[in-house]
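Input: a single structure, listed below in structure tokens.
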Amino acid sequence: MPELPEVETIRRGLDKQVRGSVISEILLSQHRGFQFKKAAFRTAVQGQLIHRLTRRGKYLVFELDHHFCIFHLGMTGQLTLRDPSREDVPFRRHPVTGLQRTPQHSADEHTHLQFVLDNDHRILFRDVRKFGKIALLRREKRTLEEFFSRLGLEPFTSTYNLDHFLSYMNGRRTKVKSLLLDQGFVAGVGNIYADEALFESRIHPSRRVHQLRVYEKHALFEAIPQVLEKGIRFGGTSIRDFINTEGEAGDHQQQLNVYGRQGQPCRSCDTPLEKIVVSQRGTHFCPVCQPLRGSSRKRALAKDFRP
DNA sequence: AACCTTCCCTGATGGC
DNA sequence: TGCCATCAGGGAAGGT
């Protein structure tokens, strides 16, 4: 589940490796996530220079001469670089951690796109569960902005400010976890970092947005970039499938406070962490550090006993 | 408009 | 051992 820190980790790796290369050949599989005609895509992209890679939320953008090629990695999307002078190694799972890794692999049945570069290196897009998407936009004024028009605040930029943050919350009655998963609010936050940000700001994921105290909204505003930055600093979170462009797992899974730690002691108070479902998503929290408070707790409990 | 549910997709996992 | 149900979840689409 590549979220902002994982996509940023890939962006940083690939940008360094392929900036300035020319795409000399394109190989495509059948994939319903391609938002273009394959022949047109090949014609358009072939021969174009990769100027740089940028990111918006969970989207990765290849900036080419005349087009933007935009990747969304979905759940299991991987982008790796393959060096022809190095040996290919199949995917292996670590016997203890179960993490998938490979220093470098050849294309397999899950590899849906390959860019062959002028130095014979290849960029491989692999996506087992096919939730990923790839789009191609002509590089004209405002097209990128329009493409991303549904996305909300971009962390680490000036658009991420408290006024925008609070005004998006205005009038909302949904659960705060649901709001965090809404890409129109803060772009790039997914299930893992939503849970981590809520733990950091000591807010129960089922709390209703309109019932949050002002100080809690401020804490969440601070916590979101903080947990994302930490994810980037540790090279992303590898729960199962995430690997960087070198085929290595990230290290951030060791740093998680709540995600995937149900039953284990809270690092702050030792209480066993709990897992519930919110918005159809597994949701992890500490029942003591992140309480449902006062009347809202009574209502929640009463509701549980209704037939 | 806001909010919620369903669906897409495959591999890992656990029960029997 | 093998089979089957269940689970993981981002985001589009459809419904209320």
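Computed over heavy atoms, backbone and side chain alike; hydrogens, waters and symmetry mates excluded. Numbered from 1 within each chain, the chains take letters A, B, ... in sequence-line order.
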So, is His72(A) close to the dG10(C) phosphate, meaning a side-chain N or O under 4.0 Å from OP1 or OP2? no
When the C1' atoms of the five terminal pairs at each end define the local axes, what inter-axis angle does the helix from dA2(B)-dT16(C) to dC16(B)-dG2(C) show, to 10 degrees? 50°
Do any side-chain nitrogens or oxygens of Arg32(A) fall under 4.0 Å of OP1 or OP2 in dC9(B)? yes
Rounded to whole Å, CG of Leu73(A) lies from P of dG10(C) at a distance of 13 Å
Please determine whether a side-chain nitrogen or oxygen atom of Thr174(A) lies at a distance below 4.0 Å from atom OP1 or OP2 of dC4(B). yes
To the nearest Å, how far apart are Arg173(A) CZ and dC4(B) P? 11 Å
Would you kindly give the NE2-to-P distance between His210(A) and dA1(B), to the nearest whole Å? 21 Å
Quick check for you: among dG10(C), dG11(C), dA12(C), whose closest atom lies nearest to any side-chain atom of Arg150(A)? dA12(C)
Do other residues, nucleotides or ligands put more than 12 heavy atoms under 6.0 Å from the NZ atom of Lys38(A)? yes
Within less than 4.0 Å of OP1 or OP2 of dC8(B), is there a side-chain N or O belonging to Lys130(A)? no
Within the structure shown, what part of the strands sits under 4.0 Å from Tyr259(A) by heavy-atom distance: base, sugar-phosphate, or nothing? sugar-phosphate
Using atom OH of Tyr193(A) as one end and atom C1' of dG10(C) as the other, report the distance to the nearest whole Å. 15 Å
Answer yes or no: does a side-chain N or O of Lys58(A) lie under 4.0 Å from OP1 or OP2 of dG11(C)? yes
Value rounded to 0.5 Å, distance of CG in Asp15(A) from CD1 in Ile10(A): 13.0 Å
Less than 6.0 Å separating the ring centroids of His31(A) and Phe34(A)? yes
Without decimals, in angstroms, what is the distance between Ile192(A) CD1 and dA8(C) P? 13 Å
Looking only at dC9(B), dG10(C), dA2(B), the nucleotide nearest the Arg281(A) side chain is dG10(C)
What do you reckon, are the aromatic ring centroids of Tyr193(A) and His252(A) less than 6.0 Å apart? yes
Please check if the distance between the ring centroids of Phe199(A) and Tyr259(A) is under 6.0 Å. no
If you check every side-chain atom of Gln183(A), which of dG11(C), dA8(C), dG10(C) has the closest atom? dG11(C)
How are the rings of Phe36(A) and Phe41(A) set to each other: parallel, tilted or perpendicular (split at 30° and 60°)? parallel
Could you check whether Arg202(A) pairs with Glu216(A) (Lys NZ or Arg NE/NH1/NH2 to Asp/Glu carboxylate O, under 4.0 Å)? no
Given that His110(A) and Ser178(A) both sit by DNA chain B, which one's nearest nucleotide is further toward the 5' end? Ser178(A)
Examine dC8(B): is either OP1 or OP2 under 4.0 Å from a nitrogen or oxygen in the side chain of Arg129(A)? Give yes or no. no
Picking from dT6(B), dC8(B), dG11(B), the nucleotide nearest the side-chain atoms of Gln280(A) would be dT6(B)
Applying the side-chain contact (heavy atoms from CB on, under 4.5 Å) criterion to Ile23(A), which one of Leu64(A), Leu49(A), Val116(A) satisfies it? Leu64(A)
Could you check how far CE of Met75(A) sits from P of dC7(B), rounded to whole Å? 18 Å
Please report, rounded to the nearest Å, how far the C1' atom of dG10(C) is from the CZ atom of Phe242(A). 16 Å
With a 4.5 Å cut-off on side-chain heavy atoms, are Gln35(A) and Ile134(A) touching? no
Between dG10(C), dT10(B), dA8(C), which one does the side chain of Lys275(A) approach most closely? dA8(C)
Quick one: list whatever passes ring pair (Phe, Tyr, Trp, His ring centres under 6.0 Å) with Phe62(A), sequence neighbours left out. Phe71(A), Phe115(A)
Taken to the nearest whole Å, CD/Glu6(A) to C1'/dG10(C) is 13 Å
Taking the six-membered ring of Tyr168(A) as reference, does the NZ or CZ atom of Arg172(A) fall below 6.0 Å from its centre and within a 45° cone about the axis? yes
I'd like a table of atom pairs between the protein and nucleotides 13-15 of chain B - only N or O on both sides, under 3.5 Å - with the distance next to each one.
none

